[in-house]
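What follows is a single structure, written as structure tokens, with notes after it.
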Number of protein chains: 2
Amino acid sequence: MCIAQGTLNRVVPRSGAGDPAPEGAVRRFAPHTPIFFQGDLRTHLLVIESGWVKSYVTLVDGQRQIVAFSNAGSVLGLETDVHHASSCEAMTDVTARAIPVSRLEEVCRRDPSLALNLLRQVGRQLGAAQALIASVGAQSAEQKLATFLISMADLSSAAEDEAFDLPMRRGDVAEFLGLRLETVSRKLSDFQRRGWLHMPSLYACVILRRDILEDLADGADLSLRKAS
Amino acid sequence: MCIAQGTLNRVVPRSGAGDPAPEGAVRRFAPHTPIFFQGDLRTHLLVIESGWVKSYVTLVDGQRQIVAFSNAGSVLGLETDVHHASSCEAMTDVTARAIPVSRLEEVCRRDPSLALNLLRQVGRQLGAAQALIASVGAQSAEQKLATFLISMADLSSAAEDEAFDLPMRRGDVAEFLGLRLETVSRKLSDFQRRGWLHMPSLYACVILRRDILEDLADGADLSLRKAS
DNA sequence: CGCGCGGTTGATCAACCTCAACCCGCGTGG
DNA sequence: CCACGCGGGTTGAGGTTGATCAACCGCGCG
């Protein structure tokens with residue numbers, strides 16, 4: 001695999017040192033509620049404990065680009081100084097721990113392993129961001145979708161050939177991959193028509209031919225490949 | 001500006017605490033020499049002290065995507081665990097300090113301000129990566145180029161209406177922005193023809209109409225705007 | 001002199017976008 | 001109960017942007 005670690009933020013396995021963020025108050029967010037907006041003062045870091053969050057940037061001409069889908073373990077708010085550079089919104093029920101930035105330095109000095117955990121986690125997020133750059137910048141629509149679906153499948157705990165969750169709308173996928181939602185819809189239909197995929201509902205997905213999707217993500221030209 | 005902090009990694013101002021990486025041996029690299037390759041074991045972190053570095057990912061089908069241009073202050077090697085997820089190459093003469101990953105934990109525990117500096121720096125790099133995602137995913141070719149030129153100009157120490165350095169080839173710009181080099185060449189010619197830009201040499205650039213380039217980067221439709 | 005590298009320019013083409021119609025499920029209110 | 005609107009999704013026709021392929025330029029160098 002070229003895009004070595006996938007385009008999505010992932011859980012960092014619990015280290016022996018324990019919870020990466022024992023500090024801070026727990027906050028809860030309902031689906032589709034904003035967590036903060038681009039331009040807001042950055043008062044807290046948020047360490048996600050459960051649920052899915054999307055982070056996005058909106059250009060002044062109204063175009064939006066999702067820069068990350070994040071789940072448990074990811075840290076929100078490290079990518080900037082005083083104002084948030086992106087907006088964040090809960091996609092599912094979300095719980096997160098808040099660390100006031102005013103106390104970040106103190107807390108890290110007192111507990112160096114927290115600092116190390118944050119560092120490892122944000123490093124991971126940087127890796128995911130770079131993988132997304134590669135996907136968005138260098139892949140075709142079909143390749144992007146294949147890469148994305150494989151990432152989502154790997155991330156989920158569902159077994160091979162079991163349905164996994166796609167907790168985002170078509171438009172979100174499009175804004176994540178730098179496509180239009182019509183293109184996403186079309187290509188998903190194509191994949192199903194060709195028998196590589198089955199979507200029992202709008203937000204659930206089974207990969208039937210992972211081999212083919214992987215070849216596609218890696219750049220094989222499957223234009224001649226027949227259905228099923 | 002929407003892409004708040006630009007698409008490029010920037011120098012972090014020296015904090016009172018002093019050099020972000022007083023540890024480690026200095027290493028030097030000549031222009032166009034590789035620093036490490038995608039897949040290599042990650043033995044060291046590198047903190048750039050001077051010069052420009054490009055980090056890129058190559059897909060198995062040979063496509064390449066530059067994921068970052070980095071200069072002094074940036075940290076290389078935090079975005080992954082055991083193997084490097086991208087390749088790095090010196091674009092100019094480069095000096096950098098190497099921190100063995102085996103000693104990272106120990107060093108950070110002994111010197112929490114180093115950990116905090118690394119954290120702030122990698123956060124910045126994450127911000128730059130997200131800005132690049134937004135540019136590559138949501139902007140047209142002209143917008144990408146305008147955004148890029150403004151970022152480079154801001155980054156350089158050159159005064160307004162003075163020439164600044166473009167230390168990369170056309171093809172590098174293209175691989176950074178997710179375009180083909182022909183497109184970059186064409187659009188740069190367009191910009192000059194229209195009088196927004198002057199390039200005294202292949203690797204130097206003067207912005208003549210920053211206002212227009214900014215409007216363009218922000219999504220204004222200048223298709224009707226006449227030359228000069 | 002000839003060659004290779006980096007860049008520019010032109011002609012053609014296709015991937016993806018745009019705009020629009022339409023479907024379906026659902027909640028609301030007459 | 002049904003009509004209606006709305007949000008989200010799918011599908012189709014046609015247009016545009018940027019990719020592709022190819023020729024050509026200028027320069028440095030063996």
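Labels below follow one simple rule: chain letters A, B, ... track the order of the sequence lines, proteins then strands, and each chain is numbered from 1.
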When the distance from CG of A:Leu145 to C1' of D:dT10 is rounded to whole Å, what number comes out?
15 Å
Between protein and nucleotides 17-24 of chain C, map the contacts as a letter string: B base, S sugar-phosphate only, - none, heavy atoms under 4.0 Å, written 5' to 3'.
SBB-----
Enumerate the ring-ring contact (aromatic ring centres under 6.0 Å, His included) contacts for residues 38-83 of chain A, please, sequence neighbours excluded, ordered by first and then second residue.
A:Phe69-A:Phe176
Distance check needed: C:dT9 P versus B:Leu181 CG, whole Å only.
13 Å
Between the side chains of B:Thr33 and B:Glu89, does any donor sit under 3.5 Å from an acceptor?
no
B:Glu175 CD to C:dG6 C1', in whole Å, measures 14 Å
CE of B:Met168 versus C1' of C:dC5: gap in Å, rounded?
19 Å
Please, which pairs that meet salt bridge (Lys or Arg N to Asp or Glu O under 4.0 Å) have at least one residue in residues 150-159 of chain B, sequence neighbours excluded?
B:Asp154-B:Arg210
What is the distance, to the nearest angstrom, from the NZ atom on B:Lys144 to the P atom on D:dG18?
8 Å
With B:Arg42, which residues qualify under salt bridge (Lys or Arg N to Asp or Glu O under 4.0 Å), at least two apart?
none
Calculate the interatomic distance between A:Gln139 atom CD and D:dA19 atom C1'; express it in whole Å.
16 Å
Look at the side-chain N and O atoms of B:Ser185 and state whether any lies under 4.0 Å from the OP1 or OP2 oxygen of C:dT9.
no
Please list, chain by chain and in numerical order, all residues satisfying ring pair (Phe, Tyr, Trp, His ring centres under 6.0 Å) with A:Phe29, sequence neighbours excluded.
none
Restricting to salt bridge (Lys or Arg N to Asp or Glu O under 4.0 Å), what partner residues turn up for A:Arg64, sequence neighbours left out?
A:Glu175
Rounded to the nearest Å, what distance is computed from the CG atom of residue B:Leu188 to the P atom of nucleotide D:dG18?
14 Å
Any N/O pairs under 3.5 Å between the protein and nucleotides 5-8 of chain D? List them or say none.
from, atom 1, to, atom 2, distance (Å)
D:dG8, OP1, A:Arg169, NE, 3.4
D:dG8, OP1, A:Arg169, NH2, 3.4
D:dG8, O3', A:Tyr203, OH, 3.3

Salt bridge (Lys or Arg N to Asp or Glu O under 4.0 Å) partners of residues 177-187 of chain B, not counting sequence neighbours, each pair once:
B:Glu142-B:Lys187
All side-chain contact (heavy atoms from CB on, under 4.5 Å) counterparts of A:Ala146, not counting sequence neighbours:
A:Leu213, A:Leu216, A:Ala217
May I have the distance from B:Leu177 (atom CG) to D:dT17 (atom P), rounded to whole angstrom?
18 Å
Can you list every ring-ring contact (aromatic ring centres under 6.0 Å, His included) pair that touches residues 128-147 of chain B, not counting sequence neighbours?
none
Please tabulate, one pair per line, each protein N/O and nucleotide N/O from nucleotides 13-15 of chain C that are separated by under 3.5 Å, including the distance.
none

Before giving the answer on salt bridge (Lys or Arg N to Asp or Glu O under 4.0 Å), spell out for B:Asp172 and B:Lys54 the whole-Å C-alpha distance, their side-chain angles and the decisive distance to 0.1 Å.
CA-CA 9 Å; B:Asp172 289 330; B:Lys54 69 175 174 192; 2.8 Å; yes
Sequence neighbours excluded, the answer for side-chain hydrogen bond (donor to acceptor under 3.5 Å, both in side chains) partners of A:Ser70 is A:Asn9
